[in-house]
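Report on one structure; see the data block that follows.
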Amino acid sequence: MLILHYFQHGTYLTICLVNTAIGDEFNDLERQLISVREQKKTLQKIEKNKQRTQMVLSMYASVTNIVPNLDEQSKISGYIMEKDKDAVEKFEYDTLKMTNFDICNGIWKIISE
């Protein structure tokens with residue numbers, strides 16, 4: 001016999017589980033509930049990080065006038081927004097053909113123009 005005590009709305013409730021199958025099912029449901037709560041917390045953290053990343057990218061775009069293209073992992077690419085000229089210019093660096101140093105210098109050159 002398994003006896004559980006729950007405190008609910010100011011009163012104690014005592015639940016006796018005689019059948020072990022019911023007790024096992026109850027324990028399984030409790031584990032599932034804990035797992036669902038943990039998954040919910042993880043999803044909330046992921047969403048918060050996603051929003052923070054979007055805000056940071058927006059800030060970078062405002063400061064540098066560069067909007068990165070994050071879809072292609074093998075290249076560093078994006079667009080340069082020239083507001084005073086109402087122009088958009090695409091840039092692209094192949095990470096297999098250029099060093100990180102050269103890519104960095106190229107991006108700084110774009111920003112300073």
Side-chain angles (χ1 to χ4, degrees):
M1 178 187 303
L2 178 64
I3 300 175
L4 302 171
H5 298 280
Y6 282 93
F7 186 74
Q8 183 179 17
H9 304 291
T11 60
Y12 278 101
L13 300 173
T14 302
I15 301 170
C16 299
L17 299 175
V18 178
N19 187 337
T20 57
I22 294 173
D24 291 344
E25 185 175 340
F26 178 79
N27 290 335
D28 185 48
L29 289 173
E30 269 191 335
R31 283 190 294 275
Q32 288 179 25
L33 177 62
I34 291 168
S35 176
V36 167
R37 286 181 179 161
E38 288 172 355
Q39 289 174 6
K40 182 179 178 182
K41 285 181 184 179
T42 300
L43 289 174
Q44 288 172 337
K45 286 179 184 178
I46 289 170
E47 184 61 30
K48 187 176 179 180
N49 286 337
K50 181 180 173 184
Q51 290 174 350
R52 185 179 298 128
T53 300
Q54 288 174 341
M55 289 189 311
V56 168
L57 282 173
S58 177
M59 180 190 68
Y60 288 158
S62 294
V63 171
T64 64
N65 294 328
I66 293 177
V67 178
N69 178 4
L70 302 175
D71 294 333
E72 187 146 357
Q73 298 295 318
S74 65
K75 296 179 181 177
I76 295 175
S77 62
Y79 300 91
I80 304 153
M81 314 300 270
E82 297 182 45
K83 295 174 187 169
D84 56 335
K85 298 178 185 176
D86 286 331
V88 176
E89 183 181 335
K90 183 177 168 106
F91 71 91
E92 183 175 284
Y93 296 103
D94 190 340
T95 56
L96 299 175
K97 295 180 180 178
M98 296 179 72
T99 67
N100 289 342
F101 181 79
D102 290 336
I103 292 171
C104 184
N105 281 339
I107 292 173
W108 277 115
K109 184 177 177 183
I110 290 170
I111 291 171
S112 64
E113 290 179 347

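In what follows, every heavy atom counts, from backbone to side chain, and hydrogens, waters and symmetry copies are set aside.
Distance alone, capped at 3.5 Å, is enough to place a donor-acceptor pair between the Y93 side chain and the G106 backbone. For T53 (side chain) and N49 (main-chain N/O), a donor-acceptor pair under 3.5 Å exists by modelled atom type. The closest donor-acceptor contact from the side chain of T42 to the backbone of E38 lies under 3.5 Å. Without hydrogens or angle criteria, T95 side chain to S74 main chain gives a donor-acceptor distance under 3.5 Å.
Around atom CG of D28, more than 12 heavy atoms belonging to other residues, nucleotides or ligands sit under 6.0 Å away.
Under the 4.5 Å side-chain contact rule for hydrophobic residues, V67 and I103 do not share a cluster. By the rule that hydrophobic residues join a cluster once side-chain heavy atoms approach within less than 4.5 Å of another member, V63 and Y60 end up as members of one cluster. M81 and I110 fall into different hydrophobic clusters, where Ile, Leu, Val, Met, Phe, Trp and Tyr side chains are chained together by heavy-atom contacts under 4.5 Å.
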**Message:** Checking W108 against S112 for the side chain to side chain contact (heavy atoms under 4.5 Å, CB included) test, could you report, in this order, the C-alpha distance in whole Å, the side-chain angles of both residues, the deciding distance, and whether it holds?
**Reply:** CA-CA 6 Å; W108 277 115; S112 64; 5.9 Å; no
**Request:** Please report the C-alpha distance between N65 and I111 in whole Å, then the side-chain angles of each, then the deciding distance to 0.1 Å, and finally whether the side chain to side chain contact (heavy atoms under 4.5 Å, CB included) criterion is met.
**Result:** CA-CA 7 Å; N65 294 328; I111 291 171; over 6 Å; no
**Verdict with supporting geometry, I80 and T64, side chain to side chain contact (heavy atoms under 4.5 Å, CB included)** = CA-CA 8 Å; I80 304 153; T64 64; over 6 Å; no
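S35 contributes atom OG, which lies 8.0 Å from atom CD of Q32 (distance to the nearest 0.5 angstrom). Atom-to-atom distance recorded for K45:NZ and K40:NZ is 14.0 Å, nearest 0.5 angstrom. A distance of 10.5 Å separates SG in C104 from CE in M98, rounded to the nearest 0.5 Å. The CD1 atom of I66 sits 10.0 Å away from the CD atom of E89 when rounded to the nearest 0.5 Å. Taking CG from D102 and CG from N105, the interatomic distance works out to 6.5 Å, rounded to the nearest 0.5 Å. Atoms CD1 and CD, on I46 and Q44 in that order, are 10.5 Å from each other to the nearest 0.5 Å.
When all heavy atoms of F91 and Y79 are compared, the closest pair comes out as CE2-N, 3.6 Å.
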